[in-house]
Amino acid sequence: MGATRYVDLLDEELLLRLAAVSPDVRRMVEYLVSGNAVARTLGLDGISDCVLRNGELAPRAAEAIPFLLALAVSPRYPHASAVLVRLAAVLDTLGGPRPSGVPASDADAVVGAIEACLPALLRVARTSTDPEACRAAASVVSHFPSAGEALEPILFALLTGARDAQERARLLYRLARVQGARGSALHPRIERALDAPDPGVETAAAALALAEVRPSEPLRGRVVRALEALVEAGARPWSDPRAWGARYEPEAARHSLARLREP
């Protein structure tokens with residue numbers, strides 16, 4: 001369906017690899033680099049099928065992700081933001097690049113491909129004029145603690161410019177996780193969210209993120225109290241700040257609270 005107008009965005013190694021990947025991945029990539037807009041849309045629609053299966057990494061994910069990353073960080077590719085958003089959603093669905101229940105070799109290949117691309121993803125997060133691309137790139141990078149120092153100021157800037165409450169909560173979740181893992185001073189918005197008398201979606205974002213890094217006292221006590229308030233508040237009409245397109249459920253706070261209370 002149309003000439004492969006964007007095939008030159010794939011380096012020589014990827015072009016050689018393309019001949020050996022599974023037919024589904026090859027078809028997706030050929031659609032994505034096509035000169036035909038309809039074909040590229042079909043390629044975008046095929047990303048989830050190639051990288052996810054029943055909520056876990058698909059066997060083809062390790063083959064597909066290097067191609068997707070090459071397109072996602074290219075300033076010349078017209079759908080770079082769309083590819084990045086889909087990759088971010090995949091990692092959020094899995095809860096990180098090393099999900100349980102996935103063969104180690106597959107997970108390690110995915111992690112290695114993304115880690116090799118971290119500098120390019122950080123560049124997109126810092127310099128893209130598309131806010132959606134900045135947020136998606138920062139979301140992918142936030143799964144890697146080693147990039148926390150470089151990512152922190154980017155998240156500051158994105159949080160400052162976010163107008164939508166649900167989007168602010170997603171960014172706050174990523175910032176809280178980065179700062180909690182690094183042990184750095186918490187952003188004032190995180191401090192306020194933890195101690196809010198009426199817990200909102202930003203409280204959920206801050207508490208769920210910090211529970212993942214199991215903070216020491218006195219921060220741990222504040223996180224426990226925030227999670228208890230969220231459990232007591234019950235169901236709320238929020239998006240889950242940890243994931244794209246998911247709904248917040250009270251079980252998330254209960255599970256985090258139980259994990260923090262483990263010896």
Notebook entry, point to check: If only atom types and distance count, is the side chain of Glu63 paired as donor or acceptor with the main-chain N or O of Ser22 below 3.5 Å?
Noted result: yes

Next item on the list: Hey, could you give me the CG/CD1 distance between Leu118 and Ile114, rounded to the nearest 0.5 Å?
Entry: 8.0 Å

Margin query: Counting only heavy atoms not in Glu251 (residues, nucleotides, ligands), do more than 12 fall under 6.0 Å from its CD?
Written below: yes

Next item on the list: State, with a plain yes or no, whether a side-chain heavy atom of Glu262 is found less than 4.5 Å away from one of Arg214.
Entry: yes

Next item on the list: Specify the closest pair of heavy atoms between Ile65 and Ala113, including all atoms of both residues, with the distance to one decimal.
Entry: CG2-CB, 4.3 Å

Notebook entry, point to check: Can you find a pair of side-chain heavy atoms, one from Glu13 and one from Leu16, that are under 4.5 Å apart?
Noted result: no

Item checked: 4.5 Å side-chain heavy-atom contact, Pro66 and Leu14 -> yes

Next item on the list: Report, as yes or no, whether the 6.0 Å neighbourhood of atom CD on Glu191 holds more than 12 heavy atoms from other residues, nucleotides or ligands.
Entry: yes

Note to self: Within the 4.5 Å heavy-atom criterion, are Leu10 and Leu71 side-chain neighbours or not?
What the structure shows: yes

Notebook entry, point to check: Are any side-chain N or O atoms of Ser139 and backbone N or O atoms of Arg135, one a donor and one an acceptor, separated by less than 3.5 Å?
Noted result: no

Next item on the list: Supply the atom-to-atom distance Thr4 OG1 to Glu30 CD, rounded to the nearest 0.5 angstrom.
Entry: 8.5 Å

Check: Side chains of Arg259 and Glu212: does their closest heavy-atom pair fall under 4.5 Å?
Finding: yes

Notebook entry, point to check: Can you name the nearest heavy-atom pair linking Ala19 to Arg26, along with the distance?
Noted result: O-NH1, 3.7 Å

Note to self: Within this structure, what is the CG-CD1 distance for the pair Leu159 and Ile190, rounded to the nearest 0.5 Å?
What the structure shows: 8.0 Å

Notebook entry, point to check: Can you tell if the side chain of Leu227 reaches within under 4.5 Å of the side chain of Leu208, non-hydrogen atoms only?
Noted result: yes

Item checked: Straight-line distance of Arg242 CZ to Arg170 CZ, nearest 0.5 Å -> 13.0 Å

Item checked: Tyr248-Gln166 side chain donor-acceptor pair, cut-off 3.5 Å -> no

Next item on the list: Dump the intermediate steps for side-chain contact (heavy atoms from CB on, under 4.5 Å) on Leu210 and Leu186, then the final yes or no.
Entry: CA-CA 10 Å; Leu210 292 169; Leu186 297 177; 4.3 Å; yes

Next item on the list: Indicate the atoms forming the closest heavy-atom contact of Val25 with Ala64, along with that distance.
Entry: CG1-CA, 3.9 Å

Next item on the list: Look at the rings of Tyr6 and Tyr77 and say which category their plane angle falls in: under 30° parallel, 30 to 60° tilted, over 60° perpendicular.
Entry: perpendicular

Margin query: Let me confirm one number: the OG1-CG distance from Thr41 to Asn36, rounded to the nearest 0.5 Å.
Written below: 8.5 Å

Next item on the list: Could you pull out the closest heavy-atom pair between Ala125 and Cys134, with the gap in Å?
Entry: O-SG, 3.6 Å

Next item on the list: State, to 0.1 Å, how close Pro250 and Gly234 come at their nearest heavy-atom pair, and which atoms those are.
Entry: CG-C, 3.5 Å

Check: Which residues satisfy the side-chain contact (heavy atoms from CB on, under 4.5 Å) test with Ser142, sequence neighbours excluded?
Finding: Leu151, Arg174, Arg177

Checklist line | From CA spacing to verdict: salt bridge (charged side-chain N to carboxylate O under 4.0 Å, His left out), Arg220, Glu217 | finding: CA-CA 5 Å; Arg220 181 180 177 279; Glu217 295 293 352; 3.6 Å; yes

Item checked: Within-4.5 Å side-chain heavy-atom neighbours: Val124 and Leu121 -> no

Notebook entry, point to check: Which of these passes side-chain contact (heavy atoms from CB on, under 4.5 Å) with Leu68: Val29, Leu32, Leu84?
Noted result: Leu32

Check: If you measure from CG on Leu194 to CZ on Arg225, what distance do you get to the nearest 0.5 Å?
Finding: 9.5 Å

Notebook entry, point to check: Less than 4.5 Å apart, any side-chain heavy atom of Arg182 and any of Glu152?
Noted result: yes

Next item on the list: Evaluate the criterion side-chain contact (heavy atoms from CB on, under 4.5 Å) for residue pair Asp240 and Glu249; output intermediate values, then yes/no.
Entry: CA-CA 7 Å; Asp240 192 322; Glu249 300 290 350; over 6 Å; no

Note to self: Is it the case that the side chain of Thr203 and the backbone of Ala193 share a donor-acceptor pair, with hydrogens and angles ignored and the cut-off at 3.5 Å?
What the structure shows: yes

Item checked: Leu44 versus Arg86, closest heavy-atom pair with distance -> O-NE, 3.2 Å

Notebook entry, point to check: Do any N or O atoms from the side chain of Arg189 and from the backbone of Thr160 form a donor-acceptor pair under 3.5 angstrom?
Noted result: no

Notebook entry, point to check: Is it true that a side-chain atom of Ser74 and a backbone atom of Ala70 form a donor plus acceptor pair closer than 3.5 Å?
Noted result: no

Check: Run the side-chain contact (heavy atoms from CB on, under 4.5 Å) check on Arg27 and Asp24 step by step: do they pass?
Finding: CA-CA 5 Å; Arg27 181 166 56 251; Asp24 286 350; 2.6 Å; yes

Check: What do the steps show when you test Gln179 against Leu155 for side-chain contact (heavy atoms from CB on, under 4.5 Å), and what is the final call?
Finding: CA-CA 11 Å; Gln179 293 189 322; Leu155 289 170; over 6 Å; no

